[in-house]
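For clarity, every value in this text was computed on a predicted model and none was experimentally measured. Chain A is the first sequence line, chain B the second, and so forth, proteins listed ahead of strands; every chain is numbered from 1.
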Protein chains: 2
Amino acid sequence: MKLQKTTEYSLRILIYMAKESEKIHTAKSILENLNISDKYLRRIMTQLTKFGFITSVQGKEGGYFFAKKLEDISIADVINAFEGLEKYSGCVLGFEECSDENPCAFHYKWKEFRSNLIKFLKTTNLSNIEVEQILKF
Amino acid sequence: MKLQKTTEYSLRILIYMAKESEKIHTAKSILENLNISDKYLRRIMTQLTKFGFITSVQGKEGGYFFAKKLEDISIADVINAFEGLEKYSGCVLGFEECSDENPCAFHYKWKEFRSNLIKFLKTTNLSNIEVEQILKF
DNA sequence: TCTATATGCTACTTGTTTGTAGTATTTAAT
DNA sequence: ATTAAATACTACAAACAAGTAGCATATAGA
């Protein structure tokens, strides 16, 4: 499992926001806590808005707040929006077409493991993280 | 799980060679079966040689043959040589330091899952693939 | 209406991975 | 020795991800 930096940052941002999920968060307050550069963070925020995870409010007193319930934002949802989940659930050897009918050498072993991976990504969401574990950003 | 193309190709090449593991394989014969360009394939072959998976024989009648027993070449070994296994066994959120003492929000959930991932990668090797499953390259 | 404080958009730069091209080296066989 | 058939090396090009810079837009409040 190795996500793109942008996806990693997106998850960190959402987790940070989830700590005070009712509050409106500004880009400024987020980048002071997470170590992400101003412009890079802003681009990610805009993408998170377009993907429907958060809502943005422009102008003074503006910022971002959740557009969905925390339990409706899983790791899989975020990965899927930024990279596409298929990227991680596809064939280990990278074959376009790899199925029971036309398997690669690792297909059957991987298939079994993969269902656990997908389950992990889909069931781990912003609501079932332990608050006391949210220590670092 | 999403490996780099070079790692995917390396695994495909090794699996292809493992079909006739005693034979000496030329780059030419490999690229005729796998869809990899001549120069790219040759670079990968040289790397596989340097990493000690195969031995190269230069000159006429030359080629490549296994330098190790098939059971001693696991997916994890190949990933580790080309990309470093830590890349995939590290923190999901990409934190440098992430441990029981200093966990990220997903640490405990991921930790449990990760041990299965590592086990899968370490136990799946070139000897325990079913020959009849080697259909595609 | 003006200003301060927010987010949004477009273009550029840098770094890494992927893929290509050309040339050099090695060696069995004649 | 020469040739043919193989691998090795170095440099470059293209594609993509990561990161930066500057200007545009929106809006609450004085």
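- With D/dA5, C/dG19, D/dT27 as the candidates, the nucleotide lying closest to the side chain of A/Lys60 is D/dT27.
- Between the side chains of A/Thr6 and A/Tyr40, at least one donor N or O lies within less than 3.5 Å of an accepting N or O.
- In this model, no donor atom of one side chain and acceptor atom of the other lie less than 3.5 Å apart for B/Asn102 and B/Ser99.
- In this model, the phosphate group of D/dT7 is not approached by any side-chain N or O of B/Ser56 to a distance below 4.0 Å at OP1 or OP2.
- The phosphate of C/dT7 has neither OP1 nor OP2 within less than 4.0 Å of any side-chain N or O from A/Thr46.
- Distance from the side chain of B/Lys50 is smallest for D/dC9 among the nucleotides D/dA5, D/dT20, D/dC9.
- Computed from coordinates, the A/Asp38 CG to C/dT5 P distance equals 15 Å when rounded to whole Å.
- The phosphate of C/dA6 (OP1 or OP2) has no side-chain N or O of A/Gln58 nearer than 4.0 angstrom.
- Between the CG atom of A/Leu31 and the C1' atom of C/dA6 there is a distance of 13 Å, given to the nearest Å.
- The six-membered or imidazole ring of A/Phe113 lies near that of B/Phe113, with a centre-to-centre distance under 6.0 Å.
- The pair A/Asp100-A/Lys111 meets the salt-bridge criterion, since a charged nitrogen lies less than 4.0 angstrom from a carboxylate oxygen.
- Checking D/dG19, C/dT5, D/dA5 against the side-chain heavy atoms of A/Lys5 singles out D/dG19 as nearest.
- Taking side-chain N and O atoms only, A/Tyr40 has no distance below 4.0 Å to OP1 or OP2 of C/dT14.
- Checking the phosphate oxygens (OP1, OP2) of C/dT16, no side-chain nitrogen or oxygen of B/Lys87 falls inside 4.0 Å.
- What separates CD1 of A/Ile24 from C1' of D/dA28 is a distance of 12 Å, to the nearest Å.
- One interatomic measurement links the two molecules: CZ of A/Arg42 to P of C/dA6, which rounds to 9 Å at whole-angstrom precision.
- Distance CZ/B/Phe65 to CD/B/Glu20: 16.0 Å, rounded to 0.5 Å.
- B/Gln47 has its CD atom 14 Å from the C1' atom of D/dT7, to the nearest Å.
- At the heavy-atom level, B/Phe82 lies nowhere under 4.0 Å from the strands shown.
- Between B/Thr49 and D/dT7, a side-chain N or O to OP1/OP2 separation shorter than 4.0 Å is absent.
- The side chain of A/Thr26 approaches C/dA6 more closely than any other nucleotide in the set D/dT7, C/dA6, D/dA28.
- Below the 3.5 angstrom threshold, one finds a donor paired with an acceptor across the side chain of B/Arg43 and the base of C/dG19.
- Of all nucleotides listed (C/dT7, C/dG19, C/dA28), C/dT7 comes nearest to the side chain of A/Tyr64.
- Rounded to whole angstrom, the span from the NZ atom of B/Lys39 across to the P atom of C/dT17 amounts to 22 Å.
- In this structure, CG of B/Asn35 is placed 15 Å from C1' of C/dT18, rounded to the nearest angstrom.
- Contact between the side-chain N/O atoms of B/Thr6 and the OP1/OP2 oxygens of C/dT17 is not found at any separation under 4.0 Å.
- A residue-by-residue look at A/Val57 and A/Thr7 shows that A/Thr7 has its nearest nucleotide of DNA chain D further toward the 5' end.
- Evaluated for a side chain to side chain contact (heavy atoms under 4.5 Å, CB included) with A/Leu11, the options A/Leu126, A/Val78, A/Ile73 yield exactly one hit, A/Val78.
- The separation between A/Glu61 atom CD and D/dA30 atom C1' is 13 Å, rounded to whole Å.
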